[in-house]
Protein chains: 2
Amino acid sequence: MYVTIPTEYANTKPQSQSVPVARLSAEKLLHTKSHLFFEGDRVDWLYQVKSGVVRLTRLLEDGRRAVIAFGYPGDIIGFPSNGNHHTDCEALTETRLQPYSLTHLEDGASDPELHSELLQAALREISAMQDHFMMLGRKTATEKVASFLCTLAERVGEDLGCYKQFAVPMSRSDIADFLGLTTETVSRTLTQMRKSKIIAIESVHTIVVMRPTALLGLSSGQN
Amino acid sequence: MYVTIPTEYANTKPQSQSVPVARLSAEKLLHTKSHLFFEGDRVDWLYQVKSGVVRLTRLLEDGRRAVIAFGYPGDIIGFPSNGNHHTDCEALTETRLQPYSLTHLEDGASDPELHSELLQAALREISAMQDHFMMLGRKTATEKVASFLCTLAERVGEDLGCYKQFAVPMSRSDIADFLGLTTETVSRTLTQMRKSKIIAIESVHTIVVMRPTALLGLSSGQN
DNA sequence: CGGGTTCTTGACTATCTTCAACGAAAGTGG
DNA sequence: CCACTTTCGTTGAAGATAGTCAAGAACCCG
């Protein structure tokens, strides 16, 4: 999941990724904090997240980290490059995954339809990543955090009357590394939004959006 | 073309993208500053750059801009998302392009091999974009500019004895929007590198790398 | 040649980071 | 189950990196 530039709150097309048809393996269970794969590992399977949340990260030699994406239900993860994984993948919650055999997927001749699905998934991924470039390169801290919350609210928020509540399974530093900020800045920004009654911080890992329109405004710089 | 994290100078595998086999249309010529497509246009063709350089951009309503990528010879551009272009594309120099019919490409059944090539190109694209996330989110201005120059040198630099020279067809603000900086910061950073004799600025749009190792050092933060 | 754009440079400012301390939460072992 | 340790989150103060504003120089293009 990438945080994009929401143009209208709660208006995105349902994230119902077309589900590849031929399941070649049973569901896989991944426990919180366990790894699905590491950077450099050979890619044998792609996975579609069925429930739970995973985190994809890359590291720099000196320890700086980038969170490339969060994998939410419906997302397909594990795209190879030169046959290898280019990120680490760790579960943030108990996660169920549907594996798909890569050899079978990549061989277009054997199953053209499945192959097309894979290509479509890759193209969606590219598009989502392009949105994220704008975020990383051109948005302020407040805009970044607001965009992030909007996306979470839209994607997994549950209605609470006129409010929307959602879980935030990732740590502050996961969020920071995803948005290109520090944990302190993320924390401060959230506090500020809480003080201006735009959000409520139910618990550290649960947020309620009190004023969706105001949050959306922050996300696009109209403050 | 994305600027990645060079691990060893002049050590990247040749950018020889596998060339799709079935050419369905004659080469297309694009003049400097003319557009190949705009964001929102329906995608009918993909293009492989044969010569020249193009620039892919996205805009925010308030005018902020992100340069998503520069398209150099060998690169494939125009990947659709929901059938539409998600960036504008403009030629920075006279450019020759080989078009490929999308309908033909996407229909895996009709030409499995071509379809596979397309998927591979998309996967390479995803990998390159992931590298760029680290750049945008976690690198300093100097590291960004140095990485950018390293990539250009590697990709299109011509040997001049022990130096490497290359053209910089994009403007300072193109570079800035690619790296998530301002034109002033790009300009200042280049000036600084020139003063420390790491590069020479032949002309505004031509750079010579005098001390490749030093430049590579800057790109990964060892300064 | 002249007008407009692009690039460079300077001075100042703001945003975000860094460093540090503290409190809260979660994990561990007796 | 409780005490202890460790990690995580929040907050504050100070500092630095990059941005903004502004002006002049260089470059292009007709």
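Quick note on labels: first sequence line is chain A, next is B, and so on, each numbered from 1.
- Scored by the side chain to side chain contact (heavy atoms under 4.5 Å, CB included) test, A:Ser51 finds A:Arg96 as partners (sequence neighbours excluded).
- Side chains of B:Ser127 and A:Ser81: a donor on one and an acceptor on the other come within 3.5 Å.
- In this structure, the CG atom of A:Leu179 is 16 Å from the C1' atom of C:dT15, given to the nearest Å.
- Under the 3.5 Å distance criterion, with hydrogens and angles disregarded, a donor-acceptor pair is assigned to the side chains of B:His31 and B:Glu94.
- Phosphate contact (OP1/OP2 of D:dG19, side-chain N/O of B:Thr182, threshold under 4.0 Å): present.
- Not counting sequence neighbours, the partners of B:Arg64 by the side-chain hydrogen bond (donor to acceptor under 3.5 Å, both in side chains) test are A:Glu143, B:Asp62.
- For the pair A:Lys144 NZ and C:dT15 P, the computed distance is 14 Å after rounding to whole Å.
- Each end of the helix from C:dC1-D:dG30 to C:dG30-D:dC1 yields a helix axis from five base pairs, and these two axes differ in direction by 60° (to the nearest 10 degrees).
- The minimum heavy-atom distance linking A:Leu149 with A:Phe166 is given by the pair O-CZ, 3.8 Å.
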Polar pairs (N or O, both sides) under 3.5 Å between protein and nucleotides 6-11 of chain D?
| from | atom 1 | to | atom 2 | distance (Å) |
| --- | --- | --- | --- | --- |
| D:dG9 | OP1 | A:Arg172 | N | 3.3 |
| D:dG9 | OP2 | A:Arg172 | N | 3.2 |
| D:dT10 | OP1 | A:Arg172 | NH2 | 3.2 |
| D:dT10 | OP2 | A:Arg172 | NE | 2.8 |
| D:dT10 | OP2 | A:Ser187 | OG | 2.8 |
| D:dT10 | O5' | A:Ser187 | OG | 3.0 |
| D:dT11 | OP2 | A:Thr191 | OG1 | 2.5 |

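- Evaluation of the side chain to side chain donor-acceptor pair (under 3.5 Å) test over residues 186-205 of chain A, restricted to residues two or more places apart or in two chains, returns A:Ser203-A:Thr206.
- Residues passing the salt bridge (Lys or Arg N to Asp or Glu O under 4.0 Å) test with B:Arg138, sequence neighbours excluded: A:Asp177.
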